[in-house]
Amino acid sequence: MLNWYEKNKRDLPWRHHSDPYAIWVSEIMLQQTQVATVIPYYLRFLERFPNMASLAKAKESEVLQYWSGLGYYRRARLLHRGVQKVWQENAGILPQEIESLKGLPGIGPYTAGAIASIAFGQAAPLVDGNVVRVLSRYFGLKGHAKSPELLRTLWEIAAILVSPSRPGDFNQGLMELGATVCRTRLPACERCPLAKGCVALNSQDPEAFPETPPLPKTLKLTRLAAVAQRGETILLVQAQHQRWFQGLWGLPGEFLDREADDEGLLSHLSQAYPGLKFSRMVALPATRHAITHHRITTQAWSLQVSGKLTPNPSFKKMRFFPKGALPSLALPNFDRKVLQAGGFCP
DNA sequence: CAATCGTGGCG
DNA sequence: TCGCCAAGATT
């Protein structure tokens with residue numbers, strides 16, 4: 001494993017760092033997110049927040065701005081809180097103990113093992129999606145990829161296997177193998193250093209491991225949204241109690257269980273934003289977006305606003321932003337797609 | 001424990 | 001077009 005990793009590891013930005021903070025950031029961004037997606041976000045984030053001090057002092061809104069488009073925004077808020085906690089309560093020194101790491105916001109069993117082994121050289125195991133795949137295939141273990149029983153077994157195996165002398169390389173090697181060779185579909189078993197003893201390969205169907213759990217049914221939703229303009233500005237609201245995108249800015253609107261129509265949007269807007277008057281509605285191209293198992297079609301309208309905004313308790317903030325500010329705002333791609341389709345944003 | 005959170009890419 | 005999936009944590 002160690003020899004294979006040494007020869008085959010990819011040149012990734014976070015592998016240029018030995019700073020535990022930089023590794024921490026990479027591990028949070030990589031949660032449920034592929035390497036290629038993370039790289040540009042990681043580079044920008046570290047350029048703006050090169051150390052704990054800069055991130056600890058930053059406003060959450062700016063942290064979210066740099067996370068905008070990467071998804072799973074709770075990760076950004078928890079990372080921010082975690083860094084602030086270390087900065088304030090531990091003199092900016094990241095603890096090395098697994099249990100202490102797990103006590104930090106956003107750091108669970110996997111990330112604690114990753115930081116302990118990669119940043120601190122401790123012989124700590126880790127189990128992520130790659131490790132589940134590699135080990136369940138190699139040992140021919142039954143059970144769904146997320147079943148607690150299989151995961152318990154895998155953590156025990158990983159703890160036995162981890163190299164005491166080079167735990168970080170071993171753990172990264174296991175994950176690298178899962179990402180590049182022992183892939184979910186079309187595993188490249190001919191290139192695998194573990195092929196000889198692999199139970200799944202010898203069973204002729206490596207893809208049968210791990211078993212795939214049943215997925216939740218996809219739900220279709222319709223959403224109304226407004227690109228409400230006053231001069232060269234656009235009305236945005238900050239999600240506070242909504243189900244999705246807490247803390248981010250977004251277009252005003254609502255979800256429906258029926259067909260979208262402009263009258264529905266007008267009645268929603270007049271109720272949610274008392275004091276404002278809307279006119280000159282023009283339908284924008286419908287956009288589609290998926291959030292976990294939801295498939296959402298957004299029908300948006302462009303319209304003009306007049307009148308004075310009365311604060312609404314369901315939103316923390318409502319503001320008119322200049323169009324030029326849109327690219328650097330913490331917006332979910334969900335809304336960025338609407339703005340781009342309407343030509344309001346590059 | 002099981003459901004949930006975003007997004008882009010792939011076949 | 002659509003289902004499936006990816007360096008998980010939280011509630």
Side-chain angles (χ1 to χ4, degrees), chain A residues 5 9-10 12-15 23-42 64 67-79 81-82 101-115 117-119 125-134 144-152 154-155 158 168 170-180 182-187 207 210 212-220 239 242-248 250 287-297 330-337:
Chain A
Y5 179 64
K9 66 178 177 185
R10 291 169 290 179
L12 302 175
W14 39 92
R15 291 183 176 158
I23 295 177
W24 183 3
V25 172
S26 75
E27 290 302 337
I28 300 299
M29 285 194 171
L30 285 162
Q31 287 170 8
Q32 300 288 284
T33 310
Q34 295 180 343
V35 164
T37 306
V38 166
I39 289 175
Y41 287 90
Y42 181 78
L64 287 169
W67 209 273
S68 175
L70 191 55
Y72 283 129
Y73 298 96
R74 186 169 55 179
R75 294 181 299 178
R77 292 197 302 276
L78 294 176
L79 170 64
R81 280 186 226 163
L101 287 167
K102 277 192 222 172
L104 291 169
I107 298 185
Y110 162 79
T111 307
I115 293 174
S117 62
I118 298 169
L126 61 75
V127 174
D128 76 327
N130 291 304
V131 177
V132 169
R133 201 162 51 249
V134 171
H144 290 163
K146 293 188 176 177
S147 86
E149 193 182 348
L150 175 61
L151 288 172
R152 272 193 295 274
L154 290 170
W155 275 95
F170 179 85
N171 285 336
Q172 290 188 85
L174 219 43
M175 294 190 285
E176 192 84 344
L177 187 68
T180 63
C182 194
R183 298 172 296 218
T184 306
R185 282 171 297 193
L186 299 178
E207 290 188 49
T212 52
L215 290 173
K217 263 180 65 177
T218 301
L219 300 176
K220 293 185 179 180
Q242 278 87 339
R243 174 177 181 183
W244 292 312
F245 310 123
Q246 283 186 33
L248 275 71
T287 57
R288 282 179 297 183
H289 191 75
I291 299 177
T292 61
H293 60 285
H294 304 268
R295 296 187 63 78
I296 301 160
T297 301
L331 290 175
N333 276 6
F334 187 53
D335 281 326
R336 217 174 277 285
K337 280 183 184 177

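Residue numbers start from 1 in every chain, and the chains themselves are labelled A, B, ... in the order their sequence lines are given, proteins ahead of strands. These numbers were taken from a predicted model, which means no experiment stands behind them. Just the heavy atoms: all of them, side chains too, but no hydrogens, waters or symmetry mates, feed the values below.
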Any donor-acceptor N/O pair, [X] side chain to [Y] backbone, under 3.5 Å:
X         : Y         : answer
Asp128(A) : Val131(A) : yes
Arg77(A)  : Gln246(A) : yes
Thr33(A)  : Gln31(A)  : yes
Arg295(A) : Thr218(A) : no

To the nearest Å, give me how far apart [atom1] ([X]) and [atom2] ([N]) are.
X         : N       : atom1 : atom2 : answer
Tyr41(A)  : dA6(C)  : OH    : P     : 20 Å
Leu64(A)  : dT7(B)  : CG    : P     : 12 Å
Asn130(A) : dG8(C)  : CG    : C1'   : 12 Å
His289(A) : dT7(B)  : NE2   : C1'   : 6 Å
Gln242(A) : dG6(B)  : CD    : P     : 12 Å
Gln32(A)  : dA9(C)  : CD    : P     : 9 Å
Arg183(A) : dC10(B) : CZ    : C1'   : 12 Å
Tyr110(A) : dT10(C) : OH    : C1'   : 18 Å

Proximity to the side chain of [X] - top-ranked nucleotide from [options]:
X         : options                : result
Thr292(A) : dC1(B), dA7(C), dC5(B) : dC5(B)
Gln31(A)  : dC5(C), dC5(B), dG8(C) : dG8(C)
Thr212(A) : dG6(B), dA7(C), dC5(C) : dC5(C)
Glu27(A)  : dG6(B), dA6(C), dA7(C) : dA7(C)

Q) Any donor-acceptor pair under 3.5 Å joining the side chain of Thr33(A) to the base of dG6(B)? A)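 Present.
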Say you pick atom [atom1] in [N] and the same atom in [M]; how far apart are they, in whole Å?
N      : M      : atom1 : value
dG8(B) : dT1(C) : C1'   : 16 Å
dA7(C) : dA3(B) : P     : 22 Å
dG8(C) : dC1(B) : C1'   : 16 Å
dC5(B) : dA6(C) : C1'   : 14 Å

**Q.** Side-chain N or O of Arg295(A) closer than 4.0 Å to phosphate OP1/OP2 of dT1(C)
**A.**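 No.
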Q) Taking only side-chain nitrogens and oxygens of Arg77(A), does any of them come within less than 4.0 Å of OP1 or OP2 of dC5(B)? A)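 Negative; the distance criterion is not met.
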Any base atoms under 4.0 Å from [X], or only sugar-phosphate, or nothing? Heavy atoms, all strands.
X         : result
Arg243(A) : sugar-phosphate
Leu151(A) : nothing
Gly178(A) : nothing
Arg288(A) : sugar-phosphate
Leu78(A)  : sugar-phosphate
Arg15(A)  : base
Asn333(A) : sugar-phosphate
Thr111(A) : sugar-phosphate
Thr184(A) : sugar-phosphate
Leu186(A) : nothing
Pro332(A) : sugar-phosphate
Ala290(A) : base

Q: Considering only NZ, NE, NH1 and NH2 on the basic side and carboxylate oxygens on the acidic side, decide whether Glu207(A) and Arg185(A) come within less than 4.0 Å.
A: no
**Q.** Comparing Trp14(A) and Lys102(A) on DNA chain C - which has the more 5′ nearest nucleotide
**A.** Trp14(A)
Q) What do the steps show when you test Gln32(A) against Arg75(A) for side chain to side chain donor-acceptor pair (under 3.5 Å), and what is the final call? A) CA-CA 11 Å; Gln32(A) 300 288 284; Arg75(A) 294 181 299 178; over 6 Å; no
Q. Which heavy atom of Ala114(A) sits nearest a heavy atom of Leu126(A), and at what distance?
A.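 Nearest pair, atom of Ala114(A) first, then Leu126(A): CA-CD2, 3.6 Å.
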Q | Residue closer to the 5' end of DNA chain B, Pro148(A) versus Leu248(A) (nearest nucleotide) | A |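 On the 5' side of the pair lies Pro148(A).
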